[in-house]
Amino acid sequence: MALVVYNSLSRKKEVFTPINPPYVGMYVCGPTVSGESHLGHARPYITFDVVYRYLLHLGYKVRYVRNITDAGHFEEEGREAEDKISKKAQLERMEPMELVHKYTSLFHWAFRKFNTLEPSIEPTATGHIIEQISMIEDLIKKGYAYEVNGSVYFDVAKYAEGHDYGKLSGRVIEDLLETTRTLESQEEKKNKADFALWKAAPPKHIMRWKSPWGEGFPGWHIECSAMSTKYLGSYFDIHGGGMDLLFPHHESEIAQSTICNSHAPVKYWIHNNMITINGRKMGKSYNNVIRLTELFSGNHPLLTKAYSPMVIRFFILQTHYRSVLDFSNEALEGSEKGLRRLFEAFEILNSLPGGENREGTAKELDTKINSTLDELPTFLDDDFNTAKVLAAMFEIVPTINSLKEKIIPVDALSSKTIERLKNDFHVYLEEILGLKNEWEVTGAFKGVMNLLASIRKDARSKKDYYTSDKIRKELAELGIDMKDEKDGNVSWGLR
RNA sequence: GGUGUUGUAGCCAAAAGGUUCAGGCGCAGCUCUGCAAAAGCUGUUAUAUCGGUUCGAAUCCGAUCAACACCUCCA
């Protein structure tokens, strides 16, 4: 079966065929580093991390570009044009670049914890002012952009004469041009639908660059066009981002690039859906933002406890990326328990003897396990259905646990199947879904714990329940649980 | 007002015209057990409402209601 992806442009699932195999170019809109990342930001970067990992798994040579928006966009024409980043910097008495650096570091820190792979290139907007300026010059030369008072705008009406502006987002160009909204500083534009490519910087504006039109700063959409073209070429495979970027951001990107390169820039547009909280999108205006630092620490009124990055990752992957994911404390608690159950089974699996070429005694079960494993790649091929992959793995968990409890005889499965289970769990859980066992303990700590476990075992066999209970009770207070197995052995684990 | 999406059991959530079924969490019962925990088994079995198409619909069509998103910085 071939990989099929949902293309926002055609609104259909399409077979994924790279433009230039085995190479795949993927661009994902990265964070604006004017503030701390929140739970909502986790979704696209985790979603596209899995896309990246799966493409690599399939053997593609992927160049994954994810930008850092550090130029500080003006807040659009509605409000007074201003630089978000420099405004915040004044409040915090920081240099804009200092602020940008702080939040970039924080972003990297959080997403390392989420176990996302680093992109191949992580270009910054401020590092590509020259590319953006030359793209704007090209647009002016071709007659699709015009300068007014040191600002440059894209002429949407002109573009719409020969192209379909609104194709990606389902907008109707007439509606966009006829919108009755009156916005400030609109008088510079020929049409209300026009968008800024370059904005003249007001005197107090700190972030500013020289340009053919005077000092100013780039418009919002041009950076992604400039950087994606530079690093992936004028026509590349995948462009990803949140659904909220469909319009106007991605629509405008298409328009700019189409004029500069004489053809559309992207083959497959992939958009992830939003995370809602109590049915509402997370956003500053709703006052319901949970920052990642608050999530990891549990320090937030909506949270009863801290949640680890892996639990969040698992929580996100339990839902298909194009569905809305509704957040609640209860749902996260469920995810935490589920993830733990999965990894405990994986640990048990790894301790099962494989080795010698043994036939399984339970043929039917053996076949069933193998056919479940056969399905895993088909789920991912179907537009990255991580939810189904996880569900299928959960279906195998009772079998693994039963093998350990000897409810099912150890030789029920063939050694080949056991080896395959070990391998597939590793590949799907760790390599593709990027999940990690956070409760795993190694080194001296592990040795000490095993020693305590064996002391408890001895004590129990002598019916010295004072000692055995003391060990269990005091470890429990430290957050370590001891469990007695059927065979008299004692196992343990971090809570 | 325009555009689009969604409505699945206590909660999260998958699937999408047809046999048994998603899956996770929770809850209940049983088994195991020095106690406990875990585990296993069983149960909790749903498709917003009203019509229509069909031999058959959660799935297709229409209407209604509700919610959400985008149209403005936003993942």
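Below, chain A is the first sequence line, B the second, and so on; all start at residue 1. Small disclaimer: the values here were computed from a predicted structure and weren't measured.
The pairing partner recorded for B:G17 is none, the criterion being a Watson-Crick or G-U wobble arrangement whose two distances lie under 3.5 angstrom. Remark: B:U5 base-pairs with B:A67. Criterion, Watson-Crick or G-U wobble with two distances under 3.5 Å. When Watson-Crick and G-U wobble pairs are counted only if both distances are under 3.5 Å, B:A22 pairs with no nucleotide at all. Across all strands shown, B:A36 forms no Watson-Crick or G-U wobble pair with both distances under 3.5 Å. B:C50 is paired with B:G62 under the criterion used here, namely a Watson-Crick or G-U wobble arrangement in which both key atom distances are under 3.5 Å. For B:C27, the paired base is B:G43 (Watson-Crick or G-U wobble, both distances below 3.5 Å).
Contacts of A:Met482 with the nucleic acid, taken as non-hydrogen atoms under 4.0 Å apart, include base atoms. Among the heavy atoms of the strands lying under 4.0 Å from A:Lys388 are primed sugar atoms or P, OP1, OP2 only; no base atom is included. Within the nucleic acid shown, A:Asn385 comes within 4.0 Å of sugar-phosphate atoms alone, with no base atom in reach, counting heavy atoms only. Counting any heavy atom pair closer than 4.0 Å across all strands shown, A:Ala331 reaches sugar-phosphate atoms only and no base atom. Among the heavy atoms of the strands lying under 4.0 Å from A:Ser323 are primed sugar atoms or P, OP1, OP2 only; no base atom is included. When heavy atoms are screened at a 4.0 angstrom cut-off, A:His271 is found touching no nucleic acid atom at all. Among the heavy atoms of the strands lying under 4.0 Å from A:Arg460 is at least one base atom, whether or not backbone atoms are also near. Residue contacts for A:Asp469: at a heavy-atom cut-off of 4.0 Å it reaches a base atom on one of the strands shown. Using a 4.0 Å heavy-atom criterion, one finds that A:Leu339 contacts no nucleic acid atom at all.
Residue A:Leu390 is the one, among A:Leu390 and A:Gly30, whose nearest nucleotide of RNA chain B lies closer to the 5' end (criterion: closest heavy atom).
The interatomic distance linking A:Arg43 (CZ) with B:A75 (P) rounds to 15 Å, in whole Å. Distance CZ (A:Phe394) to P (B:G26): 11 Å, rounded to an integer number of Å. Rounded to whole Å, atom C1' of B:A14 lies 14 Å from atom CG of A:Leu317. Taking atom NZ of residue A:Lys167 and atom C1' of nucleotide B:U3, one finds them 18 Å apart after rounding to whole Å. We find that CD of A:Glu395 is positioned 6 Å from P of B:G23, with the value rounded to whole Å. If you measure from atom NZ of A:Lys404 to atom P of B:A37, you get 16 Å, rounded to the nearest angstrom. Between the NZ atom of A:Lys337 and the C1' atom of B:C11 there is a distance of 12 Å, given to the nearest Å. For A:Leu365 and B:G40, the CG to P distance is 14 Å, given to the nearest whole Å.
Here B:C71 is the nucleotide among B:A14, B:A75, B:C71 with the atom lying nearest to any side-chain atom of A:Phe247. The side chain of A:Tyr465 sits closest to B:G34 out of B:G34, B:G10, B:G40.
Side-chain contact, A:His108 with A:Glu122: a donor N or O sits under 3.5 Å from an acceptor N or O. Side-chain contact, A:Lys457 with A:Asn489: a donor N or O sits under 3.5 Å from an acceptor N or O.
OP1 or OP2 of B:G40 lies within a sub-4.0 Å distance of a side-chain N or O belonging to A:Asn401. Neither OP1 nor OP2 of B:U5 sits under 4.0 Å from any side-chain N or O of A:Arg11. Remark: A:Ser335 is not in phosphate contact with B:G24, judged by side-chain N or O atoms under 4.0 Å from OP1 or OP2.
A side-chain contact (heavy atoms from CB on, under 4.5 Å) with A:Tyr54 is found for one member of A:Asp381, A:Thr386, A:Leu433 and no other, namely A:Asp381.
Salt-bridge formation is not detected for the pair A:Arg340/A:Glu336: no Lys NZ or Arg NE/NH1/NH2 atom is positioned less than 4.0 Å from an Asp or Glu carboxylate oxygen. A salt bridge links A:Asp484 with A:Arg456: the closest approach of a Lys/Arg side-chain nitrogen to an acidic carboxylate oxygen falls below 4.0 angstrom. Checked for salt-bridge contact, A:Glu474 and A:Lys470 meet the test: a charged N lies under 4.0 Å from a carboxylate O.
Between A:His163 and A:Tyr159, the ring-plane angle classifies as parallel under the 30° and 60° cut-offs.
The separation of B:G4 from B:G62, taken at their P atoms, amounts to 13 Å, rounded to a whole angstrom.
A donor and an acceptor atom sit less than 3.5 Å apart, one in the side chain of A:Arg456 and one in the base of B:G34. In the interface, the side chain of A:Arg472 is paired with the base of B:C35 through a donor and an acceptor atom under 3.5 Å apart.
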